[in-house]
Amino acid sequence: MLPLLSLLLVLLLVASNNACAHEREINIGGLIDSSSQLGKEQGIAMKMAIQDINLLCSNCSTKLTLHLRDSHGNATQATSSAADLINGVKVEAFLGNLALPQAALVSDINNCSTETPFLLLSPTAVALPQVPSTNLIQVANDISVHVQCIAAIVGQFKWRKVTAIYQQKNSFDLNNGIITLLSDSLQVVDATIEQHVALPPISPLGSPEFNIEQELAKLRSNTNRVFILVQSSLELAIRLFRKATQMGMMETGYVWMVSDEIASLLDSADPSVMFSMQGVIGYKTNFIDTIDTFRTFKLKFCHNYGAIYPQDRNSNPSIFALRAYDATWVIGKALHNQQGNVMSQVLLQNILLSNFNGLSGNISFRNGELAQTPTFQIINVIGKSYNEIASWSPTLGFSKKIPRQIDHGSNPAIDFVNDMSKLGPIYWPGGQLTVPRGWHFNMVKPLRIGVPACGAFHQFVNVTHVQNGTEVTGFSIDVFKAALKYLPYPLPPHMWVPFCGEYDEMVQQIHLKGLDAAVGDTNILEERYRWAEFSQPYVKSGIALVVPTKPDNTKETWMFMHVFEAKMWIIIPSFSLFIGFIVWLIEHGENPQFGDGSFSQQVGTVFWFSFSVLFFQQKESLKNNLSKVVLAPWFFLVMMLTTNFTAALTSKLTVSQIAPATKDIETLRREDAVVGCNIRSFTCSYLENVLHIKPENIKKIRSIDDYPEAFQRGIIKGAIFITAHANVFLAKYCKGYTTTGPTFTFGGLGFAFPKHAPIVLDFSRAILKAIEIGEIEKIEREMLSSFNCSASSTINSESPILGLRPFAGLFYICGGAALIALLLTVLPLVKNRWSLSYTQEALKIRGVFSLLFLLLNRSSSGPNLQQLKQNSDAKSDDHVETRAT
């Protein structure tokens, strides 16, 4: 019996060996960094995927074998390990956390640029145009999407400056390219990178804490308080935040943001790590964690992770573990499609054509990276974990939390918003609930605010020296103090620095760090934006020409004609003649004063009555009540016209009429006249460079009080001021001077600050608030009214004249009454007194005017008409004889 059993066992072993001999082993190379949380998770996920693939294809003729190498965070060792897998082990495919330039180098050196597929598991995919290899596939989303998310968060909270921090892992990292991409994205939201800091990699031989402390000390001395950890391992981030907590850089006013590389690993972080990151915000790639396949994977992953790394408390799989698992499956599916025929070119093509739903999402490739557009969850670290406050996608922006129970490819209803503050409270470092402004004042020394001490107009800035120091007053200073009341924070201690140079030089001192700001009557010019940034203008500004005035006698002869508009001089006599005709029409049949006399005499009566009634000097008495009805509203209208005419003409005669002594700047240039300007203002160079006034014809004047003397002595014929200065000059010297010609518009008067200074936006809002409530206008009005100067002369062109509009209603009433009277008078005459034949006879004799006269002369008789006819026949016979002769 025993020999029989032994023979059966031998036969089974031989059959088993024969079956294994027909099963082909396919080598897959893997590379991880077990010194990092990311590498640990990727290694376990690869092994789990290989087991699942081989278990699913237990009857297949191929078997995947994973050859896993560990770089321990050493770039040189990672490169050599990858080369050994390619040349030594002869792997059919490679996957692991290898930088793209590093993978390109390994591929080129080993002559496999078009053969062995490289699936790279870096957290982000970067573009490298100089790498032509098509076998380098990045199982990650493009870095540009990540920096867009960072920029969107910065823009959402309106921070103007940020500090970018990244880990210099090895010489193959493309950190400079990431900083460039981030800078470009921040410009879209009107923000900039003030500083970027490279932290060295963690090395057993070095002291990373010392380097971190040195860099943080430098950052703490700056004014910016928004720090973004763009690229870093979780291990370095833990050391960074612990040191920042020790140095007081996790208190109120600070802002810390972490990228997906850190935020996606926080599920596995120790509670002590979370305690040092209180108030940190970040973004992590969203994936669905409610489906059964993920739950099964998570249970197996946690079991395997705990067995290998029992010292780690948490072991939840991150997006990077899911992508490592899916990437391994990409190779398994591609090999399965080849049905055991392993050819590198065909394997690479099958990998590139992959399209399936994995644990991390849809797995398909475009341009050598994941084609699916990611959605990021915005997180806020609080307590022992973090809150998901919003979601962001590059196409739809911010939204509320995305439901996780949806299936792939579905289209859930998502409530998208533009303001993350509507999604719930955010806890910032120090427990602050309001959004930090992102910067602070350097309290080492007071702010140095420059003021023009030698300006021509001390009404704007007046510097006086007192025993305790310098006292600064004036309109610009009052505006500055008014705006301070509306700043959302108190301005730290500051000191006034009198500056006696030109305004351009004072603005340049801000760029040269000699001043922290400049307050005064500084005009906002495009050229000055090279040196500083300006607040919202608190006063509009332009350039105006001020010249002396002279009496204007050119229009005094016909001054009365300028009381009414031209059409009024046509309407008034025409309407008066119409009223006079209506009265004559009514009265001439019964009133001898209107009806006696020949045709020409009665025409004269109409004209005389129409003219005399304008002055209430008519001598004719009225007998018909209808005439009185017509004249009553007309008398009232004439009285109103006379009263207003008298008042307007009196005003013109009592006020002296003046005119500018010079028309405009063109006249001064043609006459080669001298023009004055403020000695320290840009107006002098504007005269020469823009208005083309000869340099010898430009007189620089030091003070506002020197201008009148220069005008009186004939030194200058005109003066160029900014409009704010011109208003002050005319308020002080209101008699004898005026502005003339066109006004050239400029940016206005504003306060200057360093370029990209965050206080500029806050100060501009404060100035707008003061303008809207009328506080700045009140300050300006008080300044101008303090001179108590009133002029008794006006410019002719400014005098108003009377038009038809104020009297239109009365004209309608008068016209209506006259028309009604005309109808009541004419219609009965036509109906009762005259026949058609009678009218025709009249037309033959005298034409239309004779008909009108006869129609209206109701005392005329038939024989009179016959006599007219005989006279007409006699004249006709005489005319015939004359022609015959």
Side-chain angles (χ1 to χ4, degrees), residues 121-126 138-157 181-182 185 188-189 228 230-231 257-267 280-291 293-294 297-298 316-327 355-367 369-381 385-424 426:
L121 302 177
S122 300
T124 56
V126 296
Q138 302 178 84
V139 189
N141 296 115
D142 196 283
I143 184 63
S144 62
V145 182
H146 290 256
V147 297
Q148 288 175 26
C149 182
I150 295 174
I153 297 174
V154 172
Q156 183 68 217
F157 296 113
L181 288 173
L182 179 60
S185 298
V188 177
V189 296
I228 303 176
V230 180
Q231 189 178 62
M257 186 190 310
V258 295
S259 64
D260 183 38
E261 187 174 356
I262 300 170
S264 289
L265 295 172
L266 291 181
D267 289 321
V280 172
I281 61 173
Y283 69 95
K284 56 178 293 188
T285 303
N286 178 67
F287 61 89
I288 301 174
D289 58 0
T290 56
I291 56 178
T293 52
F294 174 81
F297 172 82
K298 181 179 179 180
N316 293 317
S318 67
I319 184 66
F320 308 116
L322 303 184
R323 284 177 178 169
Y325 182 85
D326 291 339
N355 188 2
F356 65 93
N357 290 325
L359 294 177
S360 61
N362 179 260
I363 301 299
S364 59
F365 300 101
R366 182 174 59 244
N367 298 327
E369 60 190 38
L370 287 178
Q372 185 183 27
T373 301
T375 299
F376 297 118
Q377 296 173 357
I378 312 302
I379 66 169
N380 177 213
V381 178
S385 183
Y386 57 81
N387 293 335
E388 297 174 1
I389 57 177
S391 294
W392 181 88
S393 68
T395 55
L396 299 173
F398 292 103
S399 68
K400 293 183 179 180
K401 298 178 183 179
I402 295 180
R404 295 192 175 188
Q405 62 272 16
I406 59 175
D407 294 330
H408 293 285
S410 63
N411 187 19
I414 302 174
D415 186 11
F416 292 95
V417 295
N418 294 322
D419 189 356
M420 280 204 297
S421 62
K422 298 179 182 179
L423 302 178
I426 300 177

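- Remark: side-chain polar atoms of Asn380 are not paired, donor with acceptor, to backbone N or O of Glu388 under 3.5 angstrom.
- Here Phe376 contributes atom CZ and Ser393 contributes atom OG; the two are 10.0 Å apart, rounded to the nearest 0.5 Å.
- Between Ala263 and Ile379, the closest heavy-atom pair is CB-CD1, 3.7 Å.
- Heavy atoms only, all atoms of each residue included: Ile378 and Phe398 are closest at CG1-CE2, 4.2 Å.
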Steps toward side-chain contact (heavy atoms from CB on, under 4.5 Å) verdict (Asn141, Glu369)
CA-CA 6 Å; Asn141 296 115; Glu369 60 190 38; over 6 Å; no
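- Separating the CD1 atom in Ile281 from the CZ atom in Phe157 is a distance of 5.5 Å, to the nearest 0.5 Å.
- In this view, Asn355 and Asn362 satisfy the side chain to side chain donor-acceptor pair (under 3.5 Å) rule, not counting sequence neighbours.
- Evaluation of the ring-ring contact (aromatic ring centres under 6.0 Å, His included) rule for Phe365 yields no partner, not counting sequence neighbours.
- Nearest approach of Arg366 to Ala371, heavy atoms of both residues: NH2-O, 3.2 Å.
- Ser264 is linked by a side chain to side chain contact (heavy atoms under 4.5 Å, CB included) to Asp260, Lys284, Ile319, Phe320, counting only residues two or more places apart in sequence or in another chain.
- In this structure the side chain of Ser318 reaches within 4.5 angstrom of the side chain of Leu265, judged on heavy atoms.
- Nearest heavy-atom pair across Ser122 and Ala140 is O-CB, 3.3 Å.
- Annotation: side chain to side chain contact (heavy atoms under 4.5 Å, CB included) contacts of Thr373 (sequence neighbours excluded): Pro394.
- Atom CG of residue Leu182 and atom CD1 of residue Ile228 lie 6.0 Å apart, to the nearest 0.5 angstrom.
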Could you please spell out the steps behind the side-chain contact (heavy atoms from CB on, under 4.5 Å) verdict for Ile363 and Asn357?
CA-CA 6 Å; Ile363 301 299; Asn357 290 325; over 6 Å; no
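- Residues Asp326 and Phe356 come closest through the heavy atom pair O-CZ, 3.9 Å.
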Side chains of residues 142-151: which donor-acceptor partners sit under 3.5 Å, not counting sequence neighbours?
{"unit_1": "Asp142", "atom_1": "OD1", "unit_2": "Ser144", "atom_2": "N", "d": "2.8"}
{"unit_1": "Asp142", "atom_1": "OD1", "unit_2": "Ser144", "atom_2": "OG", "d": "2.7"}
{"unit_1": "His146", "atom_1": "ND1", "unit_2": "Tyr283", "atom_2": "OH", "d": "3.2"}

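- Closest non-hydrogen pair, Leu359 versus Leu322, comes out as O-CD1, 3.7 Å.
- The CE atom of Met257 lies 4.5 Å from the CD1 atom of Ile153; values are rounded to the nearest 0.5 Å.
- A search for side chain to side chain donor-acceptor pair (under 3.5 Å) contacts involving Gln138 returns nothing, not counting sequence neighbours.
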